[in-house]
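To start, the structure itself, in C-alpha cells.
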Number of protein chains: 2
Amino acid sequence: MDQIFKALANKSRREVMDQLFARDGLTLNELCENASFSRQGVSKHLQILEDADLVVTHWSGREKHHYLNPMPVHEISERWLKKYARRQMTAVSALKKNLEK
Amino acid sequence: MDQIFKALANKSRREVMDQLFARDGLTLNELCENASFSRQGVSKHLQILEDADLVVTHWSGREKHHYLNPMPVHEISERWLKKYARRQMTAVSALKKNLEK
DNA sequence: ATAATAGGCAACTAAAAGGTTGCATGTCAA
DNA sequence: TTGACATGCAACCTTTTAGTTGCCTATTAT
C-alpha cells in the first residue's frame, strides 16, 4: 500500500502512466521519446511502478513492453480513498458546527 | 494535485489522518499522544497536510483543532483514479491477448 | 504577576529520492 | 559473425524528506 502511494507521488511517474494510458504496451525506448530525461531515468521510474505492481511487463525478444495494471489503483480507491471521501458531509458539517461556536 | 499525492505518500501522515478519522477535531498535543515521534514531527506533518488542504484547522484560544477535509481526496478519486481504475477490463484483456502471442 | 500549557520557528542531520554517466549483456539483422 | 540496438546494472551527485533539538510567543490558570 505504501509502495503504491509512493509510486504515485511523483509527477514524472504519473506522466509515464499517462503515456501508457494513451497507448498501452509501449517499450522503454518508446517511452523515452516523449520523456524529458534520460533512458535510465525512465527505466528507474518504470521499475518503481513495476515494483508497486502499477505496471506489468512483457518481454518480446529484446523489447520490454509495459502495460498499466489498474488493480492497485482500484484497490487504493476502494480501500482507502472511499473511506475518506465518504465522510464528506459529516466532516464539513462538523467543521461548520464548530466554527459557529 | 502533486501536493496532495505527495502528502498522501507518507505513512506517518496517513496515520495522522487515521487518527483524525477516528476522532475529528483533535489538537496537536492530542495527536502527539499516539504518535511515535516528537511534537514538532507531528506538527510538520500536519502542516504538509494543511498545505495540501487535506486537513483544515480552527483555532480556539491557544488550541488548534484539526479536521479532515475530504474534498481533495474526493477530487483525486474522481479526476485521477477513476480514469485508471475504469480501464480495468480492457487493460487486463489486452495484456492477456499479448501474452498469448 | 507568574507559571504552566499549546503551539510556532529555525537550524541541523541522516536518509531517501530523482537524476545522471559509464559500462555490461543479450538479441536481432546484414 | 559482427555491428547495431534494447535494456540492465552500478556508482555517483544533488535535492528533498523526515525527523530531531533548542528556543520563542501567546494564552490560560492560579
Side-chain angles (χ1 to χ4, degrees), chain A residues 1-20 23-68 95 98-99 101, chain B residues 1-20 23-68 95 98-99 101:
Chain A
M1 190 70 140
D2 191 51
Q3 222 175 352
I4 302 173
F5 271 113
K6 285 229 173 87
L8 292 178
N10 179 274
K11 203 169 188 177
S12 302
R13 279 194 289 274
R14 293 198 304 277
E15 279 169 14
V16 168
M17 288 182 71
D18 270 341
Q19 274 197 68
L20 291 177
R23 192 148 84 82
D24 221 13
L26 292 173
T27 66
L28 171 57
N29 268 325
E30 286 169 335
L31 283 164
C32 286
E33 285 167 19
N34 300 314
S36 54
F37 38 86
S38 73
R39 179 176 62 81
Q40 283 77 359
V42 178
S43 179
K44 270 196 172 183
H45 283 309
L46 284 171
Q47 192 55 57
I48 289 168
L49 290 171
E50 208 177 330
D51 290 345
D53 207 31
L54 284 160
V55 160
V56 180
T57 62
H58 169 228
W59 281 93
S60 157
R62 62 183 166 182
E63 290 182 339
K64 192 182 193 182
H65 295 274
H66 299 81
Y67 302 87
L68 285 178
L95 179 58
N98 213 301
L99 285 171
K101 281 180 194 168
Chain B
M1 191 69 141
D2 191 50
Q3 223 176 352
I4 301 173
F5 272 113
K6 285 227 173 90
L8 292 177
N10 180 275
K11 204 170 187 176
S12 304
R13 278 195 289 275
R14 293 198 304 277
E15 280 168 13
V16 167
M17 288 182 71
D18 270 342
Q19 275 198 65
L20 290 178
R23 191 149 83 82
D24 221 12
L26 291 173
T27 66
L28 172 57
N29 268 323
E30 285 169 338
L31 285 163
C32 286
E33 284 167 20
N34 301 315
S36 54
F37 37 87
S38 72
R39 179 175 61 82
Q40 282 77 0
V42 178
S43 179
K44 271 194 173 182
H45 283 309
L46 285 170
Q47 192 56 57
I48 289 167
L49 290 171
E50 208 177 328
D51 289 345
D53 206 31
L54 284 160
V55 160
V56 179
T57 62
H58 169 227
W59 281 92
S60 157
R62 63 183 167 183
E63 290 183 335
K64 192 181 191 182
H65 295 275
H66 300 79
Y67 302 88
L68 285 177
L95 178 59
N98 213 302
L99 284 170
K101 280 180 197 167

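The sequence lines fix the lettering, A, B, ..., with proteins before strands; numbering per chain opens at 1.
One interatomic measurement links the two molecules: CD of Glu63(A) to P of dA4(D), which rounds to 18 Å at whole-angstrom precision. Atom CD in Glu30(A) sits roughly 13 Å away from atom C1' in dT7(D) (whole-Å rounding). Atom pair His65(A):NE2 and dA6(D):C1' shows a separation of 11 Å (rounding to whole Å applied). For the pair Asn10(A) CG and dA16(C) C1', the computed distance is 13 Å after rounding to whole Å. The separation between Leu31(A) atom CG and dA6(D) atom C1' is 13 Å, rounded to whole Å.
For the side-chain hydrogen bond (donor to acceptor under 3.5 Å, both in side chains) test, residues two or more places apart in sequence or in another chain that qualify with Asp2(B) are Arg14(A), Lys6(B).
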Write out a two-atom table: protein N or O, nucleotide N or O from nucleotides 26-30 of chain D, distance below 3.5 Å.
residue	atom	partner	partner atom	Å
dT27(D)	O2	Arg62(B)	NH1	2.8

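Counting only residues at least two apart or in different chains, salt bridge (charged side-chain N to carboxylate O under 4.0 Å, His left out) contacts with residues 47-67 of chain B comprise Glu50(B)-Lys64(B).
Heavy-atom distances under 4.0 Å link DNA chain D to no residue of residues 1-9 of chain A. In the region residues 46-53 of chain A, proximity to DNA chain C at under 4.0 angstrom, judged on heavy atoms, holds for none of the residues. Across residues 33-45 of chain A, Arg39(A), Gln40(A), Ser43(A) each have a non-hydrogen atom less than 4.0 Å from an atom of DNA chain D (numbered order).
Counting heavy atoms from C-beta on, the side chains of Leu68(A) and Val55(A) come closer than 4.5 Å.
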